[in-house]
Amino acid sequence: MADDGDAPAAKCLFSERRFPTAKEALAHDQKEAGFDFEKFRSELSLDFYGSVKLINFVRSEVAKGADVKAVIDMVSRRLFEAEKYMKPQIEEDALLFELDDSQEARVDLAAENKALKGYIKSLQETMKKMSASMRTMVLGSDGEIRRIEVDEQDDDGDDDSKEGGEDDGDEDDDLPVEEIDPDKMRAASNPKPKEKKKFSPTDNYYFEGYSDREIHEEMLKDTVRTEAYRDMMYLNKDAFEGKTVLDVGCGTGILCMFAAKAGAKRVIGVDASDMIDKARQIVKDNGLSGTITLIKGKVEDVKLPVEKVDIIVSEWMGYFLLFESMLTTVLVARDRWLAKGGVVYPDKARLFIAGAEMSEYREERVAYWKNVYGFDMSCMITKQDHPTECFTGTVDPKSIVTTTAGFQDFNILTIETKQLDFTAEFAIEALRDDTVDSFVVDFDTYFDAGLKNKVALRTGCGSPVTHWQQTVFTLKKPLKLHKGEILRGEIIAKRQLKNFREYSVRITYWLNPDNKVTQDFSLDVGNDIDEY
């Protein structure tokens, strides 16, 4: 953590007062406003992410004019748990920066007792597992401890355990357990301490976000998105009649119900979020429980009531097509359960890129705060008004300076997970004399394979608006183009090691190959793709 002299002043939640530390600012909120942040944090058992959401929620509601009483009521009802409250409400919020430190310092007797009980329970579980698995610990010929994994059943349900100590050909199997070095045993059984939480999502956080009603409401009201799936099924009932359909990430169950209405014999929906409880009620209320089966859990972990399915449907796309998407999960489902000759919808996708001049958008946002009913409110301007990295927004087609080029295709029926990291080249032509200060990326998905009535879902800036909008990469070194000039480039996109749903993107672009410019972007929640 930075020295106190370098840290930004901590702004109170309910006033404009600022203090040297977050602790002092929160103490002022407690004394003057009657809002005890630490009390709520303790009573609601908030982890790091929950605390971040609480701070951002309070700031958001206060900015709307809510008083302390109203905020306390909303916090008590846990209305701060929506995914959108992971987004900071003010730039460089010191309350967020100091969360880790304050959380570590906030240890009372109850917390210690809880931690101790958890530790004891953990030790008991560890001892139980060690006792049950001692026979699988062996000392190899090279002196290293190894564990032999013993599966009770294979995929066919056959018992793979060996009786009577049958030799499976491993020369180390006959070594006695007592030859294991106790020090090595302890090193192998003691887990490494967990690293401090970082401002990035885990799978649990990802699924928790999809438990929120708001995000499903946004997707359902995205008529371009929802009607594309509906039309694909309703206009091609012959392709669904009598088939077994799997919906990966079923959410509210809307795609399951479309499939059932299109004539599917059986529909199975899988979702790891709590929204599936609502989905079950929705399916029941619509009289489709006899056709639709909903399973809660991760695709990687669950078992289906059937061996194979004929069709997989999934709305897996994210910003930049791949950011926070479920495509890897869809590929797992495809490889595990799709019958020979089966199809996945959408079955194809393509990424597009164009050059744009976006200064007018930024200037309009900044200009507003400079004159609000005759008053200068420039202090309200944040980094979201001057995006220097990437953001999502609905781009005016008039801002596009170049032609649009497709630069990466995905065949969902055949693609492998490793191909989700890719390098692609592009070439776009200037449509007029202008400056390119941004690259705009959008995508199309296609419902094509085996369908008489093909459907395309388009997210480009010339198409009807979707909740994906477009992803804009702001350039630190804009280029002046003359009509007809060809701007060339290369995009390298790789999943981040800390979270496979997040991406690192490197864009290199040039008019002259001897004068290339390279810029790196991070598509992650910590460096949020701001909504413009």
Side-chain angles (χ1 to χ4, degrees), residues 318-325 327 349-359 361-362 383 386-393 395 399-410 415-444 459-461 468-524 526-530 532:
Y319 299 123
F320 187 70
L321 184 65
L322 300 172
F323 171 62
E324 282 205 322
S325 85
L327 183 51
R350 171 175 286 186
L351 281 164
F352 296 88
I353 190 169
E357 202 284 310
M358 300 287 291
S359 61
Y361 280 75
R362 292 185 285 273
K383 67 178 182 179
H386 292 287
T388 56
E389 290 291 334
C390 48
F391 61 93
T392 60
V395 178
S399 298
I400 301 299
V401 176
T402 72
T403 55
T404 299
F407 65 89
Q408 184 69 12
D409 291 303
F410 301 88
I415 192 172
E416 298 180 12
T417 301
K418 64 182 180 182
Q419 293 174 290
L420 300 183
D421 297 333
F422 64 86
T423 299
E425 296 182 349
F426 64 88
I428 46 182
E429 181 180 350
L431 298 173
R432 61 177 183 267
D433 293 352
D434 210 331
T435 298
V436 169
D437 64 9
S438 308
F439 285 121
V440 177
V441 174
D442 57 72
F443 64 87
D444 289 353
T459 68
C461 59
W468 291 287
Q469 305 178 88
Q470 293 85 45
T471 303
V472 180
F473 295 89
T474 304
L475 305 181
K476 293 179 180 178
K477 293 184 178 180
L479 283 179
K480 291 185 177 180
L481 299 183
H482 296 290
K483 183 177 179 179
E485 281 190 301
I486 304 298
L487 176 58
R488 301 182 186 279
E490 178 186 73
I491 294 180
I492 301 175
K494 292 185 177 181
R495 289 163 294 165
Q496 296 185 8
L497 294 177
K498 64 178 181 178
N499 189 324
F500 70 91
R501 300 185 193 279
E502 302 176 341
Y503 267 79
S504 295
V505 177
R506 170 170 291 179
I507 302 180
T508 302
Y509 56 98
W510 65 90
L511 287 173
N512 185 332
D514 295 327
N515 190 23
K516 296 182 177 181
V517 178
T518 297
Q519 187 171 339
D520 291 327
F521 302 88
S522 182
L523 278 62
D524 60 56
N527 181 33
D528 199 2
I529 300 187
D530 302 310
Y532 195 45

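Between the side chain of Q519 and the backbone N or O of K476 there is at least one donor-acceptor pair closer than 3.5 Å. Side-chain atoms of Q470 come within 3.5 Å of backbone atoms of V395 as a donor-acceptor pair (strictly under, hydrogens ignored). The closest donor-acceptor contact from the side chain of Q496 to the backbone of Y503 lies under 3.5 Å. For T459 (side chain) and F443 (main-chain N/O), a donor-acceptor pair under 3.5 Å exists by modelled atom type. Judged by distance alone, with hydrogens and angles left aside, the side-chain atoms of T471 form a donor-acceptor pair with the main-chain N or O of F320 at under 3.5 Å.
Between F410 atom CZ and L322 atom CG the span is 4.5 Å, to the nearest 0.5 Å. Atom CG of L523 is separated from atom OG of S504 by 8.5 Å, given to the nearest 0.5 angstrom. Separating the OG1 atom in T508 from the CZ atom in R488 is a distance of 15.0 Å, to the nearest 0.5 Å. Separating the CH2 atom in W510 from the OG1 atom in T518 is a distance of 8.5 Å, to the nearest 0.5 Å. Between the CD1 atom in I507 and the CZ atom in F426 there is a gap of 6.5 Å [rounded to 0.5 Å]. In this structure, CG in L479 is found 11.5 Å from OG1 in T402, a value given to the nearest 0.5 Å.
Taking every heavy atom of both residues into account, P478 and T435 meet most closely at CB-CG2, 3.7 Å. Of all heavy-atom pairs between S359 and D437, the closest is N-OD2, 3.4 Å. When all heavy atoms of A424 and Q408 are compared, the pair lying nearest together is CB-OE1, 3.5 Å. Listed here is the closest heavy atom pair of K480 and E485: O-OE1, 4.1 Å. The nearest pair of heavy atoms linking I486 to A427 is CG2-CB, 4.1 Å. In terms of heavy atoms, I400 sits closest to A354 at CG2-CB, 4.0 Å.
Looking at residues two or more places apart in sequence or on another chain, you find no salt bridge (charged side-chain N to carboxylate O under 4.0 Å, His left out) involving D514.
T403 has its side chain within reach of L431: a pair of non-hydrogen atoms, C-beta onward, lies under 4.5 Å apart. Considering only heavy atoms from C-beta on, L481 comes within 4.5 Å of L511 through its side chain. Put simply, the side chain of F521 does not reach to within 4.5 Å of the side chain of F439, judged on heavy atoms.
Residue pairs meeting the side-chain hydrogen bond (donor to acceptor under 3.5 Å, both in side chains) criterion with at least one partner in residues 424-433, sequence neighbours excluded, are R432-D434.
The side chain to side chain contact (heavy atoms under 4.5 Å, CB included) test with I353 singles out one residue from I491, L487, T404, D442, and that residue is I491.
Using a cut-off of 4.0 Å between Lys/Arg side-chain N and Asp/Glu carboxylate O, D421 and R495 are scored as salt-bridged.
Taking the centre of each ring, F473 and Y509 stay at or above the 6.0 Å mark.
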F422 and L351: CA distance, side-chain angles, deciding distance, side chain to side chain contact (heavy atoms under 4.5 Å, CB included) verdict:
CA-CA 12 Å; F422 64 86; L351 281 164; 3.9 Å; yes
